[in-house]
Amino acid sequence: MSIYDTLNSEQKRAVLQTDGPVLILAGAGSGKTRVITHRIAYLMEECGVNPWNILAITFTNKAAGEMRERVDRLIGFGAESVWVSTFHSMCVRILRRHIDAIGYDNRFTIYDTDDQKALMKQVCKELNIDTKQLRERSILSAISSAKDELLTPLRYQEKHQMDFIERQIGDAYELYQKMLQKNNALDFDDLLMKTVELFNAREDILKNYQDRFRYIMVDEYQDTNTAQFEIVRLLAAGSRNLCVVGDDDQSIYKFRGANIRNILDFEKVYPDATVIRLEQNYRSTQNILDAANAVIANNRNRKAKKLWTDRGPGNKVHFRQFRSGRDEASYVAEDIDRCMRQDHKLHYRDFAVLYRTNAQSRQLEDSFVQNSVPYNIVGGTNFYARMEVRDLLSYLRTVSNGLDDISVQRIINVPKRGIGETTIGRIQDYAQSHEVSFFDALSDLDEISGVAKAKKKLTDFRDFILSLRDFASTNRIEELIKKIIRDTDYENYLRAYDELTADDRIDNINELISKAVSYEEDALEDEESGGPTLAGFLEDVALVADIDNVDGDDDRVLLMTLHSAKGLEFPHVYLTGMEEDLFPSYMSLNSTDEDALEEERRLAYVGITRAKDDLTLCCASARMVRGEMQYHAISRFVMEIPENLLDCPPGKGYSVDTADWEDEDDEPPFAEIHGRMPASGALGGGYDVFAPYGGSGSVYGRKSAADRGKESSSLGAGGRGQGTSYSAGGAHSSREESGTGSGRGVVHPHDTRLKAVYVKPHTSSAKKPAIAKAGLSALSKGMPEAAKPDYEVGDRVAHVKYGSGTVLSIEKGPRDYKVKVMFDEAGQKIMYAAFAKLRKI
DNA sequence: TAGTTGGGTTTTTTT
DNA sequence: AACCCAACTA
C-alpha cells in the first residue's frame with residue numbers, strides 16, 4: 001500500500017496528472033494541501049524529478065514551512081531542495097541576485113507602508129500636491145493598483161490624463177518611483193513588478209529560471225494579481241508543467257489587486273488544461289457546510305459547486321445576538337470556558353474568534369483578560385510596525401544601505417540629539433541639488449548654509465553610524481542591535497517617552513533581538529541562502545505576515561480577522577460582529593462595484609468553512625464604532641442561512657446567558673436603532689415586545705425601503721434576505737415616534753426575557769436624543785461620559801413606572817450619573833440617570 | 001528646538 | 001477611539 005492510496009479518486013487524479021497545465025478547483029477543506037504535498041512527493045519519488053526542479057508557491061511563509069515539513073514526512077528526503085516560498089520571498093531572492101541588471105543595487109531595502117508614506121510625503125511636498133485634498137494614502141493605493149497591473153509611470157500617465165487628480169497621481173507615481181530608486185529601495189509591489197521587468201529585460205535570466213523550475217505549483221491561485229499571473233506565465237512558458245490550485249469562492253484579496261479572472265479564465269489561457277474538482281470536504285459537519293453553501297449560493301459570478309461531506313449533520317449553527325459589543329465579547333469568552341468545562345478533551349487552541357476588522361479585537365481582548373482565557377491576537381499593529389522596533393530597524397537599514405534616506409531621517413534625531421526639522425530640511429535640499437544621499441551630505445556640512453550650529457551634533461551622528469558599519473562587519477546582528485541600544489541609551493529614551501509603555505517596548509526590543517538570533521542560526525544552516533547578512537535579516541523581517549508568527553503549539557484561543565484565518569481550521573469558530581455595515585462592511589454596501597458585496601460574501605464563506613464542529617455567529621444591536629455608538633441590523637449573511645440550520649434563528653426569541661437584566665440597578669435598555677432589519681415575518685404581525693418599565697406592546701408601523709432615502713439604495717437591490725425596516729414602539733412610546741419620514745425604529749426580540757427595546761425614530765445624529773445615547777453608552781464599557789441629568793437634587797421628577805418623587809442625590813458614577821429618588825408611592829430607588837429617564841416636573 | 005493642545009479625519013481587509 | 005497635523009507656547 002502506497003501513500004497515494006489514502007487519496008480519493010479525484011485527489012489521486014490531481015496527483016498523477018503531473019504534466020501540462022492543471023487547474024485544481026479545491027473547495028474549502030477538500031484536502032488541497034494534501035494534494036500538493038503528495039504531488040511533490042510523487043514527482044520526486046515516482047517520476048524521478050530532481051527536487052531542485054520543483055517550485056511551489058504558497059500564500060504565506062507559514063504555509064510554505066508547513067508544506068515543506070509535510071513533504072519531508074511523506075518521503076523523508078530531499079524536500080529541503082524544493083523551492084517552496086511565497087511570491088514575494090521568491091521575487092526578493094531572484095532580485096537580490098539579478099536586480100543590478102535593471103539599474104538597482106543588490107543591497108536594496110524593502111519599504112513597507114510606513115516608509116512608503118514617508119516617501120510619498122516628500123513627493124507631495126516637491127510637487128506641491130495638496131495632501132488635504134489628495135491624501136498620500138490614496139495616491140499610494142492608486143500606485144499600488146497600477147503596479148499590480150504592471151503599469152509603469154509612463155503607461156499610467158498615458159492612460160490617465162483626463163482629470164486633474166489623475167494627472168497629479170501620474171506625476172506623483174513618476175517621482176515616487178525615481179525617489180525609490182535613489183533610495184535604493186523597492187516597495188512590496190515593486191518586488192513583483194521588478195521581477196517581471198527583469199524577466200522581460202533579460203531573456204537569459206528568465207531562461208535560467210525556466211530551466212530550473214520544470215514543475216510549478218501555485219496555491220491560492222484565486223488570489224493572484226496580474227503581476228503574479230505574469231510571473232507564473234513567464235516561468236511556466238518553457239515546461240508548461242503548471243499546476244494551480246484554488247477556489248474562486250475564496251477569493252478575498254481584490255483590494256490588493258487579486259484578479260479572480262486568473263482562475264476563472266485559466267482554461268481560456270491554457271485550453272489544454274486538465275480541470276479537477278475537489279468537492280468532498282473533510283473538515284466540517286454537514287450543517288456547517290450547508291450554511292456555507294447557502295450563503296455562497298447568493299453570489300452570481302462563480303463556478304457552481306457544492307461541498308459535501310460524509311460526516312454527520314453535527315450540531316446546528318449557533319446564533320446569538322447581544323445588546324452590545326461588550327456583551328458579545330463576554331459571551332464568547334464565557335462560552336469558550338463553558339465548552340472547555342463540558343468537554344475535557346478540548347484545548348484553548350481548538351477555538352478561534354474571527355472578526356471583520358482589527359478594531360473589533362479590543363473588546364474581545366478585554367473580555368478574555370477578564371475571564372482569564374489565554375489568547376493570542378494575530379495582526380493588528382504589526383510587530384515590526386511598532387515605534388521602537390522601527391527605530392532600531394531604521395538604524396540597521398542605515399547601516400546596511402547608505403542610500404536609504406527615509407531610514408536615516410527617521411533616526412537622525414531619535415533619541416533626541418537636538419537636530420531639528422529646519423536643519424534636516426536644509427541638508428535634504430543640499431542632498432537633492434547635489435545628487436548625493438542624505439547621509440553622504442552629512443560629510444559636506446561646511447558647504448551647507450544654516451547648519452553651523454548643529455554641525456557638531458550632525459558630525460557625531462555621522463561618526464556614530466560609521467562606527468556601527470565598522471562594528472557590523474565583524475559582529476553578529478544581535479551584538480549590533482545591542483550596541484545601538486547601549487550607545488544611544490535607548491531604554492532611557494523609551495522611559496522618558498512614556499513611562500507606562502516602556503516595559504512593553506523593551507520586551508518588543510528583546511523579541512527583535514531573539515528574532516535576529518534565530519535568523520542567524522537558520523541562515524547558517526541553509527546553505528543556499530549564502531549565510532546570514534544584515535540585508536537578509538531585514539528582508540526576512542519585511543516579508544513576514546502576521547500569521548507567520550502564530551505558534552500552533554501554543555495552547556491559546558486565536559483571535560484574528562477573517563482574512564488572516566484563510567487556510568486555517570478549528571473545531572470551534574466564533575464569527576463576531578455579524579452585522580450590516582460591519583460585515584458586510586459599510587464600504588462594500590456603498591460601493592458602486594457590484595462585486596464588492598460578493599467579495600464580502602466570499603469572506604463570510606471563508607469564515608464559516610473554518611469551523612470543523614461548532615460554529616457560532618454573534619452580533620450586537622449596539623456597538624461603539626470609531627467612538628460613536630452605532631446600531632446595526634443582523635448581517636444579511638446570517639439571514640441567508642436557512643432557519644433549520646440555526647439553533648436560534650433571528651427573531652424567534654431565545655435566551656442568552658449573559659444578556660440578563662436582573663442586575664442591580666440595571667434597567668432595561670432602550671435604543672435608537674436604525675439600519676436594516678431582517679425581512680420575513682420575524683417582527684411583523686404583532687410580535688409582542690415589552691416596553692421599558694413594565695408595559696407591553698407590539699411592533700407596529702412598517703416602512704418600505706423606498707421611503708427611506710439614501711439607505712434604500714442598499715436595500716432596494718432585491719433578492720432574498722434583504723432587509724425591511726420596521727417602526728415600532730413599546731406601549732409607552734407614542735405613535736408619533738413611529739412613522740415619521742426617516743424613522744426607522746426597530747424592535748428586535750433579543751431575549752425571551754427581554755423587557756424592552758425602546759424605539760425612537762431616527763432623525764439625525766445631531767438630534768439624537770441625548771438620553772437614548774447615554775443609555776446605550778452605559779451598556780458599553782469605557783464610556784464614562786453620560787449626559788448630565790437636567791434635574792438637580794430636590795427637584796420633583798416623574799418616572800414611567802414609579803410615578804413621581806423627589807431627587808435625593810445625584811452622584812457621578814463610573815458609567816453614568818447615579819440618582820437616588822424618593823418616590824411618593826414606590827419608595828426610595830437608586831438608578832442610573834440614563835436608564836431611568838426621569839422627567840423633571 | 002521641544003512639547004502640548006486642539007481640530008480634523010478616518011483603508012475594513014495585507015504580502 | 002485613535003491618529004495626525006498645524007499652531008501655539010516655553
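Protein chains get the first letters and strands the later ones, always in sequence-line order, with residue 1 at the start of each.
Minimum atom distance to the side chain of A:Arg256 is reached by B:dT15, of the listed B:dT13, B:dT11, B:dT15. The nucleotide whose nearest atom lies closest to any side-chain atom of A:Thr423 is, among B:dT1, B:dT14, B:dT13, B:dT1.
Across all strands shown, A:Lys457 has no heavy atoms under 4.0 Å from either base or sugar-phosphate atoms. At a threshold of 4.0 angstrom between heavy atoms, the contacts of A:Tyr253 are confined to the sugar-phosphate backbone, with no base atom among them. Using a 4.0 Å heavy-atom criterion, one finds that A:Asp189 contacts no nucleic acid atom at all. No engagement by A:Glu220 is indicated, since no non-hydrogen atom pair under 4.0 Å with the nucleic acid exists. Among the heavy atoms of the strands lying under 4.0 Å from A:Thr561 are primed sugar atoms or P, OP1, OP2 only; no base atom is included. Within 4.0 Å of A:Lys254, counting heavy atoms only, lies no atom of the nucleic acid at all. Residue contacts for A:Ser89: at a heavy-atom cut-off of 4.0 Å it reaches no nucleic acid atom on any strand shown. A:Thr422 comes within 4.0 angstrom of sugar-phosphate atoms only, judged by non-hydrogen atoms across all strands, and of no base. A:Asp546 comes within 4.0 angstrom of sugar-phosphate atoms only, judged by non-hydrogen atoms across all strands, and of no base.
Side-chain atoms of A:Glu136 and A:Gln116, non-hydrogen and from C-beta on, never get closer than 4.5 Å to each other.
Contacts of A:Asp460 classified as salt bridge (Lys or Arg N to Asp or Glu O under 4.0 Å), with partners at least two apart in sequence or in another chain: A:Lys456.
Phosphate proximity of B:dT14 to A:Asn358: present, with a side-chain N or O under 4.0 Å from OP1 or OP2. Within the 4.0 Å cut-off from OP1 or OP2 of B:dT13, not a single side-chain nitrogen or oxygen of A:Lys566 is found. Between A:Arg626 and B:dT9 there is no side-chain polar atom (N or O) within less than 4.0 angstrom of OP1 or OP2. A:Arg417 has no side-chain polar atom (N or O) that falls below the 4.0 Å cut-off from OP1 or OP2 of B:dT1. The side chain of A:Asn413 contributes an N or O atom lying less than 4.0 Å from OP1 or OP2 of B:dA2.
Listed for the A:Gln168 side chain is no donor-acceptor partner under 3.5 Å among the backbone atoms of A:Ile129. When atom types are taken as modelled, the side chain of A:His563 and the backbone of A:Ile252 share a donor-acceptor pair closer than 3.5 angstrom.
When each of A:Glu421 and A:Thr86 is assigned the nucleotide of DNA chain B bearing its nearest heavy atom, the one mapping closer to the 5' terminus is A:Glu421.
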